[in-house]
Protein chains: 2
Amino acid sequence: MDYYLEYTKVFKALGDPKRAMIVDMLSCGELCACDILEKFEMSQSTLSHHMKILCECGLVKGRNEGKWTYYTLVDETIGKTKQFFCTITTDKENCICRDKTNCCWRGNENE
Amino acid sequence: MDYYLEYTKVFKALGDPKRAMIVDMLSCGELCACDILEKFEMSQSTLSHHMKILCECGLVKGRNEGKWTYYTLVDETIGKTKQFFCTITTDKENCICRDKTNCCWRGNENE
DNA sequence: ATATCATATCGAAGAATTTAGATATGAGGT
DNA sequence: ACCTCATATCTAAATTCTTCGATATGATAT
């Protein structure tokens, strides 16, 4: 069930309004952590934590330049996530609802 | 910031692989709770809790018929959520990154 | 080499989420 | 009326998330 897990990580990352807002900010181009921090009322360590979550799910990537870290959105992940969202919300031949086994999700056994 | 909050609820709901899988199952049409429960290794009360979260964010709605509850996806929410996802990941004139005030997210003060 | 700046990591507290068992509700059947 | 079935709600334990202060790291400037 890695398939679901991969994309639910992205959704979980976007499930926090501050992180969704950070993504929105990055949609117009690269920003460094300090630019983002300026806009929010949160500590530097909290922002760093949120950026890590956004990076770990693949939605954002960081680039170091001198003492700064610049962040950008990752188009490929965005595209794949849109695709995933469409897939799970659209009728289809090979949907899990037609799978007759009763084990489509059993925790971590297949990870 | 109700705008972000509204959709981040949907993402949070989809941020659990079991719930994403339930949505996938519903994509081919209405199912009752017992149909869904059959496919998963989870207790009835846990499923009921997950269905509540999916309903509360507007992604799913329930319909009672006799002793059964039938669930379906809500197309309108799906469409709006796609739109939101596109908006926050696409460059745009009125992006919050161009908003010069430094208060775009301050917790609940505007709710 | 030392000081400063930007960012990351650690550690801990509090809040929220996930889960299941027990119980409640409400519809149907006998 | 009573029993059973499907689902919801309550409660509580375990886990995960969020946040921040303190500290570490690593780059640049003096």
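Protein chains get the first letters and strands the later ones, always in sequence-line order, with residue 1 at the start of each. Quick caveat, the model's predicted, so the values are computed rather than measured.
- Separating the CH2 atom of B:Trp68 from the P atom of D:dA8 is a distance of 14 Å, rounded to the nearest angstrom.
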> Are A:Ser45 and A:Ser48 close enough, and set up right, to give a side-chain hydrogen bond (donor to acceptor under 3.5 Å, both in side chains), and what steps lead you there?
Replying inline: CA-CA 5 Å; A:Ser45 65; A:Ser48 188; over 6 Å; no

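- Under the 30°/60° scheme for interplanar angles, the aromatic rings of B:Phe84 and B:Phe11 are found to be tilted.
- Dashed line: the shortest gap from a side-chain N or O of B:Lys12 to OP1 or OP2 of C:dT17 is under 4.0 Å.
- Around the NZ atom of A:Lys82, the shell of radius 6.0 Å holds more than 12 heavy atoms that belong to other residues, nucleotides or ligands.
- A salt bridge links B:Lys92 with A:Asp24; the closest basic N to acidic carboxylate O contact falls under 4.0 Å.
- Distances from the side chain of A:Asp16 to the nucleotides D:dT19, C:dT7, D:dT7 place D:dT19 closest.
- Rounded to whole angstrom, the span from the NE2 atom of B:His50 across to the P atom of D:dT9 amounts to 15 Å.
- Counting any heavy atom pair closer than 4.0 Å across all strands shown, A:Asn64 reaches no nucleic acid atom.
- Counting to the nearest Å, the C1' atom of D:dT7 and the CG atom of B:Asp35 are 13 Å from each other.
- Counting to the nearest Å, the C1' atom of C:dT19 and the CD1 atom of B:Ile22 are 13 Å from each other.
- When rounded to the nearest whole Å, the span between NZ of A:Lys52 and C1' of C:dA8 equals 8 Å.
- Under the side-chain contact (heavy atoms from CB on, under 4.5 Å) criterion, B:Thr77 pairs with B:Val10, B:Leu59, B:Val74, B:Thr81, sequence neighbours left out.
- Between B:Lys67 and A:Ala33, the residue anchored nearer the 5' end of DNA chain C, judged by the nucleotide with its closest heavy atom, is A:Ala33.
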Write down the protein N/O and nucleotide N/O pairs, taken from nucleotides 20-22 of chain D, whose separation is under 3.5 Å; answer none if there are no such pairs.
{"from": "D:dC20", "atom 1": "OP2", "to": "A:Ser43", "atom 2": "N", "distance (Å)": "2.9"}
{"from": "D:dC20", "atom 1": "OP2", "to": "A:Ser43", "atom 2": "OG", "distance (Å)": "3.2"}
{"from": "D:dC20", "atom 1": "OP2", "to": "A:Thr46", "atom 2": "OG1", "distance (Å)": "2.6"}
{"from": "D:dG21", "atom 1": "N7", "to": "A:Ser45", "atom 2": "OG", "distance (Å)": "3.4"}
{"from": "D:dG21", "atom 1": "O6", "to": "A:Ser45", "atom 2": "OG", "distance (Å)": "3.0"}

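- Straight-line distance from the CE atom of A:Met51 to the C1' atom of C:dA6: 14 Å, rounded to whole Å.
- Within 4.0 Å (heavy atoms only), A:Tyr70 reaches no atom of the nucleic acid at all.
- Between the CD1 atom of A:Ile53 and the P atom of D:dC17 there is a distance of 7 Å, given to the nearest Å.
- Computed from coordinates, the B:Glu56 CD to D:dT9 P distance equals 9 Å when rounded to whole Å.
- Here B:Lys80 does not pair with B:Glu6 in a salt bridge; the nearest charged N to carboxylate O distance is not below 4.0 Å.
- Within 4.0 Å of B:Thr69, counting heavy atoms only, lie sugar-phosphate atoms of the nucleic acid but no base atom.
- Under the 4.5 Å side-chain heavy-atom criterion for ILVMFWY residues, no single connected hydrophobic cluster contains both B:Trp68 and B:Ile22.
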